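Predicted model only: the values in this text are computed from it and were never measured.
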Amino acid sequence: MKAVTIPSAGPNPPRAASVDVVLPCLDEAEALPWVLERIPPGWRALVVDNGSTDGSADVARALGATVVREERRGFGAACHAGLTAATADVVCFCDCDATLDPGDLVPFVRRIAAGESDLVLGRRRPESRGAWPLRARVGNLAVTRLLHRRTGLRLHDLGPLRAARREPLLALALTDRRSGYPLQMVVRAADAGWRITEHDVPYRPRTGTSKVTGTWRGTWQAVRDMSGVLAEGGGAGEPFTGAVAPEAADRPGLLDAGAGTDTPVRKGTRP
């Protein structure tokens, strides 16, 4: 089972579907203006404040975003709070640290609205060497390998930029409220036979320090959270023990296998 890298479909937002963009947020006041000004016209920004102390919620409101408060700490908790607060037909997810441009979600939504894909994931392409730290690339490599073993799905990246229809997403009944949430979405979607595709997106140096992959310890904890998700349902997943060497991240054949080539879309039953 493979995913496909899709070429850009153009700059104009689709008109066939209403769209909410969920933006999990923890102390991102500095990055919020850049992110929110790039929300496509007609789409709604849902900034989920996960306990910020830097005034992020006030900044978001002042810039016209809808603010959702989620007291339970955790990336998954914030994402799911945004999903349950959403009302649009299509829900997108995007980080709030200015590494990703929500405007790049336009072709994602176009594919969903056209019924060509059920879940579209952003394949991050760093714009500079420092945009994607070594520790984060190592963690991503480990998880995508385990994901392939568990589901047979050949993804190049498990990035946060993504889009799907709201009701099928809710029907996945996601339970992880930590770093495993994005992976659990993909695992359960794959198990349900969803058509999953990848789309190249630029990846920029973040504003501020990452709360998840800002340190090696944080990265390994995130990978362990995710490997626990892979073990659900009796699949081939197993707890991650740190078996991927850091230097592996600099081997082009590992991190960019299949880069620049299209592969068949993952076939499945539409939810």
Side-chain angles (χ1 to χ4, degrees), residues 5-26 28-50 52 55-70 78-125 127 131 157 159-170 182 185 196-208:
T5 300
I6 305 296
S8 175
N12 297 318
R15 299 178 181 177
S18 58
V19 181
D20 284 337
V21 183
V22 175
L23 298 156
C25 177
L26 176 59
E28 300 289 5
E30 184 179 354
L32 272 167
W34 187 94
V35 174
L36 292 176
E37 72 180 6
R38 286 165 173 77
I39 298 291
W43 294 14
R44 181 172 66 149
L46 292 173
V47 174
V48 184
D49 183 27
N50 201 208
S52 299
S56 290
D58 292 335
V59 171
R61 286 192 194 93
L63 293 171
T66 297
V67 175
V68 177
R69 289 194 61 82
E70 174 53 52
C79 287
H80 203 70
L83 175 60
T84 56
T87 57
D89 181 40
V90 175
V91 177
C92 301
F93 296 83
C94 180
D95 276 357
C96 215
D97 57 9
T99 56
L100 295 162
D101 185 341
D104 290 333
L105 286 161
V106 168
F108 291 39
V109 174
R110 183 175 288 113
R111 290 191 63 84
I112 298 296
E116 298 170 352
S117 299
D118 302 312
L119 176 63
V120 183
L121 306 172
R123 180 184 181 184
R124 291 169 289 184
R125 295 293 198 174
E127 289 193 332
D157 188 14
L161 200 69
R162 54 189 61 196
R165 292 193 180 273
R166 178 175 58 86
E167 291 187 3
L169 275 175
L170 289 169
M185 183 186 297
I196 302 171
T197 58
E198 286 184 313
H199 186 98
D200 284 355
V201 294
Y203 193 56
R204 304 165 180 83
R206 65 162 286 130
T207 300

Separation between [atom1] of [X] and [atom2] of [Y], rounded to the nearest 0.5 Å:
{"X": "S117", "Y": "R165", "atom1": "OG", "atom2": "CZ", "answer": "11.0 Å"}
{"X": "D97", "Y": "L26", "atom1": "CG", "atom2": "CG", "answer": "11.0 Å"}
{"X": "T84", "Y": "L170", "atom1": "OG1", "atom2": "CG", "answer": "7.5 Å"}
{"X": "E167", "Y": "D89", "atom1": "CD", "atom2": "CG", "answer": "7.5 Å"}
{"X": "L105", "Y": "I112", "atom1": "CG", "atom2": "CD1", "answer": "10.5 Å"}
{"X": "D20", "Y": "R44", "atom1": "CG", "atom2": "CZ", "answer": "4.0 Å"}

So, for [X] and [Y], which heavy atoms are closest and what is the spacing to 0.1 Å?
{"X": "P24", "Y": "A78", "result": "CB-CB, 3.7 Å"}
{"X": "V22", "Y": "C79", "result": "CG1-O, 3.9 Å"}
{"X": "V48", "Y": "A81", "result": "CG1-CB, 4.0 Å"}
{"X": "T99", "Y": "P205", "result": "CG2-C, 4.1 Å"}
{"X": "D95", "Y": "L23", "result": "O-CD2, 3.9 Å"}
{"X": "L32", "Y": "S56", "result": "CD1-O, 3.3 Å"}

Please step through side-chain contact (heavy atoms from CB on, under 4.5 Å) for the pair Y203 and L100, ending with a clear verdict. CA-CA 6 Å; Y203 193 56; L100 295 162; 3.7 Å; yes

State which residue, out of R124, R123, R162, fulfils the salt bridge (charged side-chain N to carboxylate O under 4.0 Å, His left out) condition with D157.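 Only one of R124, R123, R162 forms a salt bridge (charged side-chain N to carboxylate O under 4.0 Å, His left out) with D157, namely R124.
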
Please check if the side chain of R38 supplies one atom and the backbone of W34 the other of a donor-acceptor pair under 3.5 Å. yes

Working note: H80 + L83, criterion side-chain contact (heavy atoms from CB on, under 4.5 Å); need CA distance, chi angles, decisive distance, verdict. CA-CA 5 Å; H80 203 70; L83 175 60; 4.0 Å; yes

For D101 and R204, what are the C-alpha separation, side-chain angles and deciding distance, and is it a side-chain contact (heavy atoms from CB on, under 4.5 Å)? CA-CA 9 Å; D101 185 341; R204 304 165 180 83; 3.7 Å; yes

Mind checking whether C92 and V109 have side chains closer than 4.5 Å, heavy atoms only?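 Yes, close enough: below the 4.5 Å cut-off.
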
I want to check something: taking the side chain as every heavy atom from C-beta on, are W43 and V90 in contact at a cut-off of under 4.5 Å? no

Could you go through L36 and V47, starting from their C-alpha distance and side-chain angles, then the distance that decides it, and tell me whether this counts as side-chain contact (heavy atoms from CB on, under 4.5 Å)? CA-CA 9 Å; L36 292 176; V47 174; 4.1 Å; yes

